[in-house]
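Down below is the structure, laid out as structure tokens.
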Amino acid sequence: MADAITKAELLDKLREGEKSLVDQLSKLPATAFDGGVYENGWNGRQILAHIAAIEWTYPKLIDVAKSPPAPKPAATEKPKTDLPTRAAGGGIDSYNDRSISRYADKSAQELLEIFRENRKTTIATIEAEDDAVFAMPVKSAGGITGPLANVINMVAIMHVSGHVNDIVKGSQAG
């Protein structure tokens, strides 16, 4: 298992990621979010809705990491991963569809504000947690496994950054 990034490194990445996301997307005209077809057939505003929606899940991953491992299955049962996880109801695609539809009436600016508020909660939750939790193994609803800090980094920073790049590139193509 890879070495976990530290809590301090994670907090720095989350703060910088928020600043970068807001800076890049705030500069785009509102029409930039209506175009483009990306992952799952989403346009830019739907990608932004996805980013805003998944942000609330990171504090939940802390709870998952702190939960006791699942009991070992009986010899006759199919083995399951022993990493704590919280499955997305109906699967990850169904969860994504529900989160996008929940924000269907929101503008890009409203979605950026939802993201900012959710990111504040993420940062406050991480700040309040013991450093050792961030080295605990976890599996995200999307299947990313590793130390909690690394999983949050993969999803909250790297995954989100890829989506931001899609929106920015899509706005330049149009």
State, to 0.1 Å, how close Val151 and Ser140 come at their nearest heavy-atom pair, and which atoms those are. CG1-CB, 3.9 Å
Heavy-atom side-chain proximity of Tyr58 to Ile126 below 4.5 angstrom: no
Using 4.0 Å as the upper bound for N to carboxylate O, is an ion pair formed by Lys19 and Glu16? no
To the closest 0.5 Å, what do you measure between OG (Ser99) and CD1 (Ile51)? 11.0 Å
Any donor-acceptor pair under 3.5 Å from Ser20 side chain to Gly17 backbone: no
Minimum side-chain heavy-atom gap Leu14-Ile157 below 4.5 Å: yes
Salt-bridge contact Arg15-Glu18 (side-chain N to carboxylate O under 4.0 Å): no
Supply the atom-to-atom distance Asp12 CG to Thr6 OG1, rounded to the nearest 0.5 angstrom. 7.5 Å
Please report the interatomic distance CG(Leu112) to NZ(Lys106), rounded to the nearest 0.5 Å. 13.5 Å
Strictly distance-based, threshold 3.5 Å: is any side-chain N or O of Gln46 a donor or acceptor partner for the main-chain N or O of Asn43? yes
Closest heavy-atom contact between Ala108 and Leu48? O-CD2, 3.5 Å
Side-chain heavy-atom pair Val64, Leu148 within 4.5 angstrom cut-off: no
Checking Asp97 now: which residues fulfil salt bridge (charged side-chain N to carboxylate O under 4.0 Å, His left out) with it, not counting sequence neighbours? none
Between Glu129 and Thr125, do the side chains contain a donor N or O and an acceptor N or O under 3.5 Å apart? no
Begin from the C-alpha positions of Lys7 and Asp130 and carry the test side chain to side chain contact (heavy atoms under 4.5 Å, CB included) through to its verdict. CA-CA 9 Å; Lys7 174 181 162 178; Asp130 184 66; over 6 Å; no
Between Asn150 (side chain) and Ile5 (backbone), is there a donor-acceptor pair under 3.5 Å? yes
Here the gap from Asp166 atom CG to Trp42 atom CH2, rounded to the nearest 0.5 Å, amounts to 10.5 Å
Tell me every residue that passes side-chain hydrogen bond (donor to acceptor under 3.5 Å, both in side chains) with Gln109, counting only those two or more places apart in sequence or in another chain. none
Closest heavy-atom pair and its distance - Ala52, Asn118: O-ND2, 3.0 Å
Side chain to side chain contact (heavy atoms under 4.5 Å, CB included) between Ile114 and Glu117, worked out: CA-CA 5 Å; Ile114 292 167; Glu117 289 303 313; 5.9 Å; no
Is the shortest heavy-atom distance from the side chain of Ile62 to the side chain of Phe134 under 4.5 Å? yes
Evaluate side chain to side chain contact (heavy atoms under 4.5 Å, CB included) for Ile152 paired with Val138, printing each intermediate quantity in order. CA-CA 10 Å; Ile152 293 174; Val138 69; over 6 Å; no
So Ile54 and His159, do their side chains get closer than 4.5 Å, heavy atoms only? yes
Name the one of Arg116, Lys120, Arg119 that satisfies salt bridge (Lys or Arg N to Asp or Glu O under 4.0 Å) with Glu55? Arg119
Check the angle between the aromatic planes of His50 and His163 and answer parallel, tilted or perpendicular using the 30° and 60° thresholds. perpendicular
Test of understanding: with salt bridge (charged side-chain N to carboxylate O under 4.0 Å, His left out), list the residues that count as partners of Arg102, not counting sequence neighbours. none
Where the side chain of Arg45 meets the backbone of Ala104, is there a donor-acceptor pair that is under 3.5 Å apart? yes
What I'd like to find out is whether the side chain of Leu111 reaches to under 4.5 Å of the side chain of Phe33, using heavy atoms alone. no
Rounded to the nearest 0.5 Å, what separates atom CG in Leu10 from atom CD in Glu127? 10.5 Å
